[in-house]
Amino acid sequence: MSRQDILDTTVEGSVERTLFEQIELERLPQHIAIIMDGNGRWAKGRNLPRVEGHRAGIKSVREAVETCARLDVPVLTLYAFSVENWKRPRTEVDVLMKLLKQYLRLELSTLMKNNIRFRVLGRTPELPADVVEELEAGMERTRDNHGLLFNIALNYGGRTEIVDACQSIVNEAVANEKPVVVDEALFASHLYTAGIADPDLLIRTSGELRVSNFLLWQIAYAELWVTETLWPDFRKRELFRAIIDYQKRDRRYGGIAATRSTA
Ligand code: IPE
Ligand code: IPE
Ligand code: MG
């Protein structure tokens, strides 16, 4: 997959092409994280059961992954299931797990073909055994790919991740029988995202202005972008808009504004 594919698959003068042309390709976010929200509302608006929203959302997942791979964005992280989502009705959770398995099975060849590496962030051992099996097969098959890193946050909680990191630091110190001095770098190396750059851009669909326990440590300085669009309606034009907005932001990290000519 390449940027040329974007030109080949968009018509000159179309919304997508015009937006694509506005992106500065040498200043892309290095990690995009997305809170995929609004599947239930999408279905409700069509008088359909909630699970139909989840089913429709798969197309958006495919498009987000494909577009990031084509753009050469190094990392994409999608929030698919939170530790709090177990509170939902059993039937809905079951369908979500089934869809996930189906997605992985159907998409694996596409991931391979496009050199995409797949990883899971979250407490995977607590997931159903058949899902774990599919996830492990996906990670194993794609582990030597070196194109887009596609993380899926599954049974994920930001606080859970921080607690797990603390536990892992304690365990290591006990095993080594040595006190440990914790600093930010050491702490980050015990998170699920060890070795992965923090998200530059955090997108949330369906309008909610909250982070819902997603990547709490890693989003310290992420640029936030929220759209009213419901996840099943999210297409590459929205992703392009988010990137264009991101490129207009002045990221100060607590410092002062970069020098700009002021008229
Ligand atoms: C996001 O859509 C998918 C998951 C959280 C699994 P929702 O199911 O949260 O849809 P809304 O927010 O209720 O519309
Ligand atoms: C966030 O959406 C979790 C995922 C997208 C997996 P939720 O629908 O669970 O979040 P809240 O309940 O609106 O905060
Ligand atoms: Mg929701």
Side-chain angles (χ1 to χ4, degrees), residues 31-65 68 75-104 106-107 118-128 130-132 134-135 138 150-164 191-193 196 199 201-219 222 224-235 238-239 242:
H31 181 170
I32 298 178
I34 308 183
I35 302 174
M36 312 186 283
D37 198 19
N39 294 354
R41 277 163 280 177
W42 183 92
K44 191 164 178 236
R46 287 166 176 73
N47 279 321
L48 294 168
R50 289 178 56 85
V51 293
E52 289 310 315
H54 299 318
R55 216 181 296 283
I58 291 183
K59 193 164 174 207
S60 312
V61 171
R62 217 172 267 138
E63 184 147 331
V65 172
C68 285
V75 188
L76 171 69
T77 301
L78 300 183
Y79 198 7
F81 193 85
S82 72
V83 289
E84 286 83 15
N85 287 148
W86 295 106
K87 292 180 202 158
R88 296 184 180 206
R90 175 75 197 268
T91 45
E92 182 175 340
V93 172
D94 285 350
V95 172
L96 275 166
M97 295 296 155
K98 209 175 91 200
L99 286 173
L100 182 81
K101 260 174 63 180
Q102 271 172 9
Y103 169 82
L104 274 174
L106 286 174
E107 269 342 85
F118 167 73
R119 280 213 18 206
V120 186
L121 310 178
R123 281 195 179 165
T124 33
E126 293 172 1
L127 291 164
D130 55 335
V131 174
V132 175
E134 210 70 54
L135 295 170
F150 166 32
N151 295 313
I152 188 148
L154 206 58
N155 195 22
Y156 175 89
R159 288 184 171 183
T160 310
E161 181 181 27
I162 289 170
V163 166
D164 285 351
L191 292 167
Y192 308 146
T193 52
I196 303 171
L201 173 60
L202 172 65
I203 296 173
R204 181 164 188 149
T205 58
S206 86
E208 238 69 75
L209 298 174
R210 54 176 174 258
V211 293
S212 301
N213 202 10
F214 190 39
L215 300 175
L216 297 181
W217 171 278
Q218 298 88 338
I219 61 172
L224 311 183
W225 194 83
V226 176
T227 173
E228 290 295 326
T229 302
L230 305 172
W231 178 250
D233 293 326
F234 189 88
R235 290 291 173 272
E238 292 267 24
L239 188 61

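We count ligands from 1, going down the list as the structure has it; atoms in each ligand are counted the same way.
Here the side chains of Tyr156 and Glu161 are in contact, with some heavy-atom distance below 4.5 Å. Residues Arg119 and Leu121 meet the side-chain proximity criterion, which asks for heavy atoms closer than 4.5 Å.
At a cut-off of 3.5 Å, with distance as the only test, no side-chain donor of Thr160 or Arg123 sits close to an acceptor on the other residue. Ser82 and Asn85 share a side-chain donor-acceptor pair at under 3.5 Å.
The minimum heavy-atom distance linking Gly207 with Glu228 is given by the pair CA-OE2, 3.8 Å.
At a heavy-atom cutoff of 4.0 Å, ligand 2 is surrounded by Ile35, Met36, Asp37, Tyr79, Ala80, Phe81, Ser82, Asn85, Arg88, Arg204, Arg210, Ser212.
Heavy atoms from other residues, nucleotides or ligands lying under 6.0 Å from CZ of Arg88 number more than 12.
Within a radius of less than 2.8 Å around the Mg ion (ligand 3), the protein N, O or S atoms are Asp37 OD1.
A side-chain contact (heavy atoms from CB on, under 4.5 Å) with Thr77 is found for exactly one of Ile34, Ile32, Asn151, Ile152, namely Asn151.
Arg55 has a carboxylate O that lies under 4.0 Å from a charged side-chain N of Glu52, or vice versa, which qualifies the two as a salt bridge.
Taking the six-membered ring where the residue is Trp, Phe214 and Tyr79 present parallel rings, their angle staying beneath 30° rather than reaching 60°.
Heavy-atom contacts of His54 reach the following atoms of ligand 1: 3 (C), 8 (O) (cutoff under 4.0 Å).
Judged by distance alone, with hydrogens and angles left aside, the side-chain atoms of Ser60 form a donor-acceptor pair with the main-chain N or O of Pro232 at under 3.5 Å.
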